[in-house]
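Naming convention: chains lettered A, B, ... in sequence-line order (proteins, then strands); numbering from 1 in each chain. In this text the structure is predicted, and so the values were computed from the model without any measurement.
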Amino acid sequence: AAAVGGAALAAQPAGKGDPAILELPEHSRGLGQPVALEGYGKPSKHEANVQRRRSPGLTQTTQASVSFAPLQSLFGIVTPSGLHFERHHQGWWDIDPSRHRLMINGMVKASKVFTMDELMRLPSVSRFHFIECGANTGMEWGNVAVPTCQYTHGMLSCSEFTGVPLVTLLEMAGADFKKGRFLLAEGADGSSMTRTIPMSLVESGEVLVAYGQNGEMLRPEQGYPLRLVVPGVQGVSWVKYLRRIEVGDQPYGTKDESVHYVDLLPDGTHRQYTSIQECKSVVTTPSGGQMLLDKGFYSISGLAWSGRGKVTRVDVSVDGGRNWREARLQGPVMSKCLTRFSLDWDWDGKPALVQSRATDETGYVQPSYRELRAVRGTRSIYHNNAIQSWMVEESGEVKNVQLG
Amino acid sequence: AAAVGGAALAAQPAGKGDPAILELPEHSRGLGQPVALEGYGKPSKHEANVQRRRSPGLTQTTQASVSFAPLQSLFGIVTPSGLHFERHHQGWWDIDPSRHRLMINGMVKASKVFTMDELMRLPSVSRFHFIECGANTGMEWGNVAVPTCQYTHGMLSCSEFTGVPLVTLLEMAGADFKKGRFLLAEGADGSSMTRTIPMSLVESGEVLVAYGQNGEMLRPEQGYPLRLVVPGVQGVSWVKYLRRIEVGDQPYGTKDESVHYVDLLPDGTHRQYTSIQECKSVVTTPSGGQMLLDKGFYSISGLAWSGRGKVTRVDVSVDGGRNWREARLQGPVMSKCLTRFSLDWDWDGKPALVQSRATDETGYVQPSYRELRAVRGTRSIYHNNAIQSWMVEESGEVKNVQLG
Amino acid sequence: AGYPGIGRDATPDEVKAWDIDVRPDFKGLPPGSGSVAKGQDVWESKCASCHGVFGEANSVFNPLVGGTTAEDIRTGRVAALRRNDYPGRTTLMKVPTVSTLWDYIHRAMPWNAPKSLTVDEVYAATAYLLNLADVVPSDFTLSDKNIAEVQQRMPNRNGMASAHAMWPGGGLPGSQPKPDVQGSNCMKDCPVEAKVTSLLPEFALGANGNLAEQNRLVGPQRGIDTRAPAAR
Amino acid sequence: AGYPGIGRDATPDEVKAWDIDVRPDFKGLPPGSGSVAKGQDVWESKCASCHGVFGEANSVFNPLVGGTTAEDIRTGRVAALRRNDYPGRTTLMKVPTVSTLWDYIHRAMPWNAPKSLTVDEVYAATAYLLNLADVVPSDFTLSDKNIAEVQQRMPNRNGMASAHAMWPGGGLPGSQPKPDVQGSNCMKDCPVEAKVTSLLPEFALGANGNLAEQNRLVGPQRGIDTRAPAAR
Ligand code: HEC
Ligand code: HEC
Ligand SMILES: [Ca+2]
Ligand SMILES: [Ca+2]
Ligand SMILES: [Ca+2]
Ligand SMILES: [Ca+2]
Ligand SMILES: [Ca+2]
Ligand SMILES: [Ca+2]
Ligand SMILES: [Co+2]
Ligand SMILES: [Co+2]
């Protein structure tokens with residue numbers, strides 16, 4: 001659309017210099033605002049463009065719907081809780097925590113009930129993990145559908161979660177770890193979301209009954225006051241408003257693992273219980289819908305993650321995958337957590353095709369669309385972890401594209 | 001004051017069970033709120049007590065003042081940006097980033113000017129660091145002064161900061177690294193805060209010209225759009241609204257390193273350029289002003305940090321320092337970053353004196369009040385890193401105390 | 001175990017109030033029954049406003065029924081799922097287990113008044129849906145006694161596979177140790193055609209709003225102004 | 001260096017506009033002068049409202065002057081700083097360098113209109129403050145020419161020490177490699193008296209507000225209700 005926006009460039013000083021320097025701004029010459037004006041602060045008014053957003057037409061209602069995190073405007077690995085993506089099936093609630101209860105039942109010696117007071121007295125852990133909806137990038141299985149990485153990859157967030165390892169509660173209830181290899185997690189909201197959770201992940205201590213997120217309590221949109229955290233597994237299993245855990249000896253075949261979050265293959269079968277979010281990455285700077293201001297130096301930057309452990313390597317291509325360079329990984333690199341990568345790039349002003357490709361500690365390499373579709377076709381909806389391509393045009397405009 | 005609050009305990013079920021379970025709540029029987037109701041979300045209404053707060057009478061104005069972070073209610077290590085402590089000297093501003101400039105001058109080949117656009121194009125790093133005001137716990141040098149850890153230790157926060165290593169900009173300007181061993185950092189606000197920064201810290205790549213905090217831009221109260229991040233060094237050196245860096249060959253003797261942030265010793269001299277925040281810790285659960293609900297199991301938990309590197313060990317005592325047990329450290333343990341620790345405790349309902357004591361990678365052990373005062377007296381105001389004591393009374397009430 | 005004072009045993013009534021899930025083997029299914037005819041009443045008064053009188057969905061919602069055939073009921077595989085050109089996938093085309101329908105209607109429907117149906121109403125509504133899909137006849141009464149037989153007529157009952165590596169810990173039939181897809185780690189002169197095969201037409205760039213307003217006002221780049229040329 | 005297109009050279013006028021700092025060696029000090037008499041005018045019209053007519057501060061602010069003696073001016077050490085019972089510490093008791101006063105008044109005062117003073121007004125206001133502290137006589141005119149001599153009369157000019165280990169990298173006079181304080185790592189039967197020597201009186205617990213309202217409503221504990229007994 002537009003040409004490179006000269007107005008947005010640094011004003012090269014005419015005459016004595018830049019008026020933004022020579023004429024002292026009001027804030028250098030006045031008295032500012034008091035402390036604690038906001039007991040709970042908020043972002044600058046100049047950041048109003050950085051919002052989570054719906055994608056028009058994607059869902060039929062706003063309560064069984066999605067809002068996407070603005071990945072194109074985020075730094076580092078922590079997602080500000082106010083910008084955490086949302087996925088609700090029957091709307092969100094702000095539940096009174098003093099009346100919330102967690103029940104453990106099923107193949108246990110004694111069914112148990114816990115209050116929030118009690119759960120918060122138990123030994124807790126705090127860990128950084130990504131959460132990605134199984135449907136993230138789902139619109140792009142067949143062809144390009146949306147313009148920016150907010151919509152292609154924005155069902156992704158990363159937080160420091162605090163909670164009690166679920167295994168602690170199962171031990172307190174005397175769970176049958178031998179026969180009870182499947183758990184049901186159930187929410188307290190209208191959908192009372194239910195998902196089957198593998199006992200193996202619970203035994204490793206990874207699965208948390210979490211109340212904390214980024215230092216404070218979970219936000220209502222993320223399940224306040226209690227949510228199951230299932231690192232590496234798609235978001236729908238991270239049951240919000242968690243009210244019950246049942247220990248059982250077979251999977252539960254719930255609606256969101258039998259009718260949705262099942263992956264259609266070319267042969268017409270659906271894969272069921274596809275839980276792990278496989279290794280994936282996306283370049284967020286530059287990315288679709290943006291316009292580079294000028295030729296010259298840029299730091300290509302993006303996010304990589306794997307539901308199987310740590311990211312060990314990210315490669316970046318600016319020629320559509322013909323040649324790759326290894327990117328820098330930002331520490332700390334944590335298991336089942338976002339990893340920020342970056343690579344220096346001197347843009348010569350010619351068209352470019354920017355891609356990233358992540359590898360995880362199991363040796364799994366993120367596939368191209370061609371490689372992914374060769375096995376899974378184009379109708380799967382879920383678990384699209386293909387390499388994303390952005391086309392930088394001579395004008396500086398960046399477009400979402402898929403390559404042949 | 002009050003006795004243990006029986007009403008707050010889990011309702012033991014009378015008859016058939018707990019009404020909070022038997023009578024399904026409204027949120028299990030209705031349709032909730034839509035996605036993106038808030039493009040930028042906020043905490044639950046039930047969390048309204050978790051606020052940053054002023055301490056009445058501490059400062060004479062609200063613009064040269066402090067608000068304290070509610071450490072007693074936080075989890076993990078990340079401080080939610082809305083609860084980040086504030087310390088302003090001439091109020092805070094919400095500056096237009098498109099008109100903000102950074103100048104580098106002094107002992108450089110060529111003085112330079114950068115726009116935000118340009119700074120954000122350079123290679124950046126994101127790192128987790130604590131920031132602590134040099135005056136944190138300052139009210140407690142002589143005796144107990146305030147009731148809760150929000151006020152004793154709440155000039156402390158921890159974030160993932162994103163920015164450009166200052167050394168990159170100095171290299172671009174051709175700084176004289178040999179002679180120019182002192183930098184001046186200057187803000188753009190009314191106070192135009194100035195502080196001398198040691199070149200040694202800059203050369204290591206640690207000092208950042210930061211624009212990002214916890215994934216988004218800095219908050220206005222924390223210096224939007226640009227702040228110097230000086231890991232391990234007291235907060236006053238993390239100049240907000242950063243407009244200028246000057247390279248020089250001697251310290252600058254600014255007001256906030258000559259009249260304030262100088263540490264008075266018993267002999268009447270003031271220590272100048274005391275920058276490092278030495279190893280320190282505080283138990284946040286349980287802590288002053290709280291009331292334990294019952295006897296039984298508790299997870300004692302708190303924060304430890306050191307301006308000299310990583311925390312390597314935290315010990316906890318429940319008998320006022322006569323006997324200690326080593327606490328668990330929560331990973332990742334990062335340099336010049338908060339570290340969360342915890343220790344199991346079965347409270348028998350008898351009075352207890354709870355303390356924590358941190359050790360850092362240099363072998364430095366956090367001192368007791370007796371050890372600290374033996375060298376520094378009681379009038380220093382700054383850099384009080386003594387072991388904090390909380391007294392748990394039989395009633396369950398927890399009080400801020402100092403021991404003989 | 002080691003945490004004195006924390007947690008208590010649940011009462012039987014409490015477990016009963018919350019343990020409502022129904023598994024594929026019908027564990028958890030409460031006794032009861034409901035006819036297709038009664039199901040039609042329930043449907044028309046409590047479901048049709050969203051899902052359409054015949055479950056075909058109104059203009060808003062995804063259709064629940066359609067796309068299944070008598071042959072599918074026989075084989076347990078929905079043939080239309082193999083076709084790339086089939087317009088949409090209804091619930092009945094996908095759902096392998098009747099327990100799933102029962103459980104979900106019971107816990108979550110009607111959407112704006114979940115858990116308001118009686119057990120018999122859930123049987124009835126399920127029967128009605130199954131009848132719309134010709135899984136059961138119009139004079140059928142679904143109950144805990146015959147539901148296992150109905151399961152044997154679910155059109156997509158054999159349509160599910162767990163032969164993959166995406167269930168952590170394995171343990172499902174056919175579960176694989178190795179991922180089905182693997183990328184290449186080629187670094188130089190890789191055999192790819194770097195040719196654009198899909199991109200949004202210029203006019204569709206603004207379908208998600210003006211992208212200039214969805215990017216920060218400073219930084220390495222701006223958002224593209226995607227308003228209609230006249231509005232710029 | 002390696003980052004094409006980023007940054008530009010500053011113009012001389014730009015550097016001049018922002019490079020306003022004045023170092024202890026007076027690098028950065030612009031030429032100019034101001035008398036104590038003119039300083040009194042500046043003070044009374046622009047400073048006294050906050051700091052009091054004699055810099056003694058009104059009820060709100062910390063006093064700027066007071067606590068220094070002729071003997072201090074001679075020795076360069078403020079004797080009152082040695083006393084534990086001295087009520088407060090004024091600016092003039094602490095500030096070792098006159099450059100600090102000049103620089104700070106120039107950049108930050110008046111508090112509500114910083115950078116509004118002319119260079120000569122800054123000299124004058126500084127002179128007035130110094131005269132209040134008897135560092136310069138009433139007929140004195142402070143200027144860039146004589147300020148180095150005035151430095152030799154600053155009451156606390158010899159009162160600063162950098163013999164510590166808290167300046168990263170060292171390099172200041174007397175700077176120490178090792179911290180001045182070290183805790184003990186005793187683990188068992190440590191030689192401490194676990195006796196409470198300081199705590200808040202019950203009535204002062206509420207001085208920071210009702211602590212019940214400053215703690216979360218769930219969790220291992222509550223906040224103590226510190227309202228007056230009548231209000232509970
Ligand atoms: C107010 C609107 C509304 C009403 C009334 C309603 N539904 Fe639904 N129904 C929905 C929505 C929206 C969904 C999708 C929920 C989600 O995304 O998890 C749904 C999902 C379903 C599904 C699962 C479909 C699938 O493929 O996931 C079934 C089955 C169903 N409804 C049956 C019923 C029955 C039976 C009733 C009446 C007893 C009913 N519905 C009443 C809106 C409604
Ligand atoms: C509207 C109130 C106000 C006015 C008017 C004002 N000041 Fe101040 N002054 C302050 C405050 C508040 C501080 C402390 C700022 C801080 O905390 O950094 C201060 C600090 C100072 C200090 C440093 C004191 C110290 O120990 O840190 C000096 C010197 C000073 N003022 C001089 C002046 C002079 C000279 C003028 C007039 C030209 C002036 N002030 C006008 C409020 C005022
Ligand atoms: Ca598509
Ligand atoms: Ca005190
Ligand atoms: Ca209890
Ligand atoms: Ca059950
Ligand atoms: Ca440029
Ligand atoms: Ca200078
Ligand atoms: Co989802
Ligand atoms: Co400070």
Side-chain angles (χ1 to χ4, degrees), chain A residues 10 20-21 27-28 30-36 39-41 43-47 51-52 54 62-63 65 67 74-76 78-80 82 86 88 90-95 97 99 101 115 118 121 123 126 160 162 188-190 212 214-217 219-221 224 297-299 330 332 340, chain B residues 10 20-21 27-28 30-36 39-41 43-47 51-52 54 62-63 65 67 74-76 78-80 82 86 88 90-95 97 99 101 115 118 121 123 126 160 162 188-190 212 214-217 219-221 224 297-299 330 332 340:
Chain A
I21 296 175
H27 53 263
S28 298
L31 179 59
Q33 302 287 312
V35 296
Y40 194 95
S44 162
K45 62 175 185 253
H46 303 288
E47 295 295 306
Q51 300 264 325
R52 51 190 179 197
R54 301 179 56 209
T62 53
Q63 297 102 329
S65 188
S67 76
L74 302 186
F75 313 116
V78 171
T79 307
E86 294 170 274
H88 314 302
Q90 218 137 336
W92 61 270
W93 294 85
D94 191 359
I95 292 179
R99 296 189 54 79
R101 304 287 181 265
T115 62
E118 289 171 328
R121 276 170 65 179
S126 299
E160 184 186 26
T162 299
D189 60 327
N214 292 338
E216 60 191 354
M217 289 290 281
R219 293 294 177 84
E221 296 94 323
Y224 181 88
F297 182 86
Y298 287 86
S299 178
Q330 185 83 62
R340 174 70 60 178
Chain B
I21 296 176
H27 54 262
S28 298
L31 179 59
Q33 301 287 312
V35 295
Y40 194 96
S44 162
K45 62 175 187 250
H46 304 288
E47 295 295 305
Q51 301 263 325
R52 52 189 178 196
R54 301 180 56 209
T62 54
Q63 297 101 329
S65 188
S67 77
L74 303 186
F75 313 116
V78 171
T79 307
E86 294 169 274
H88 314 302
Q90 217 137 333
W92 61 270
W93 293 86
D94 190 358
I95 292 179
R99 296 189 54 79
R101 304 288 180 266
T115 63
E118 291 171 327
R121 275 170 66 178
S126 299
E160 184 187 28
T162 299
D189 60 328
N214 291 338
E216 60 191 354
M217 289 289 280
R219 294 293 178 85
E221 297 94 321
Y224 180 90
F297 182 86
Y298 287 87
S299 178
Q330 186 82 64
R340 174 71 58 179

### Query
What residues, two or more places apart in sequence or in another chain, satisfy ring pair (Phe, Tyr, Trp, His ring centres under 6.0 Å) together with A:Phe297?
D:Tyr3
Of the listed residues ([options]), which shares the most heavy-atom pairs with chain B below a 4.5 Å separation?
options                            : answer
A:Gly212, A:Gly91, A:Pro97         : A:Gly91
A:Asp94, A:Thr62, A:Leu74          : A:Asp94
A:Gly76, A:Gly82, A:Ser65, A:Ala36 : A:Gly82
A:Ala188, A:Gly30, A:Ser44         : A:Ser44
A:Ser67, A:Gly39, A:Pro220         : A:Gly39

Exercise: identify the closest heavy-atom pair between [X] and [Y]:
X        : Y        : result
B:Trp93  : A:His27  : CD2-CB, 3.3 Å
A:Glu221 : A:His88  : O-CE1, 3.3 Å
B:Pro43  : A:Glu216 : CG-OE1, 4.0 Å

### Query
For A:Glu160, which residues count as a salt bridge (charged side-chain N to carboxylate O under 4.0 Å, His left out) partner, sequence neighbours excluded?
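For A:Glu160, no residue satisfies salt bridge (charged side-chain N to carboxylate O under 4.0 Å, His left out) once neighbours in sequence are set aside.
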### Contacting moiety of B:Gln90, where chain A heavy atoms sit under 4.5 Å
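Both parts, heavy atoms under 4.5 Å.
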### Task
Select one option (side chain, backbone, both, neither) describing which atoms of B:Tyr224 are under 4.5 Å from chain A's heavy atoms.
side chain
### Task
Please state whether the side chain, the backbone, both or neither of A:Thr162 comes within less than 4.5 Å of a heavy atom of chain B.
side chain
### Query
Side chain, backbone, both or neither: which part of A:Gln330 has a heavy atom under 4.5 Å from chain B?
side chain
### Message
Donor-acceptor pair, distance only, cut-off 3.5 Å: does the side chain of B:Arg340 make one with the backbone of A:Ser126?
### Response
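Absent.
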### Message
I'd like to verify something: which residue of B:Ser299, B:Pro332, B:Pro34 has the highest number of heavy-atom pairs under 4.5 Å with chain A?
### Response
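If we count pairs closer than 4.5 Å to chain A, B:Pro34 comes out on top.
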### Task
Show your reasoning for whether side chain to side chain contact (heavy atoms under 4.5 Å, CB included) applies to B:Val35 and A:Gln63.
CA-CA 6 Å; B:Val35 295; A:Gln63 297 102 329; over 6 Å; no
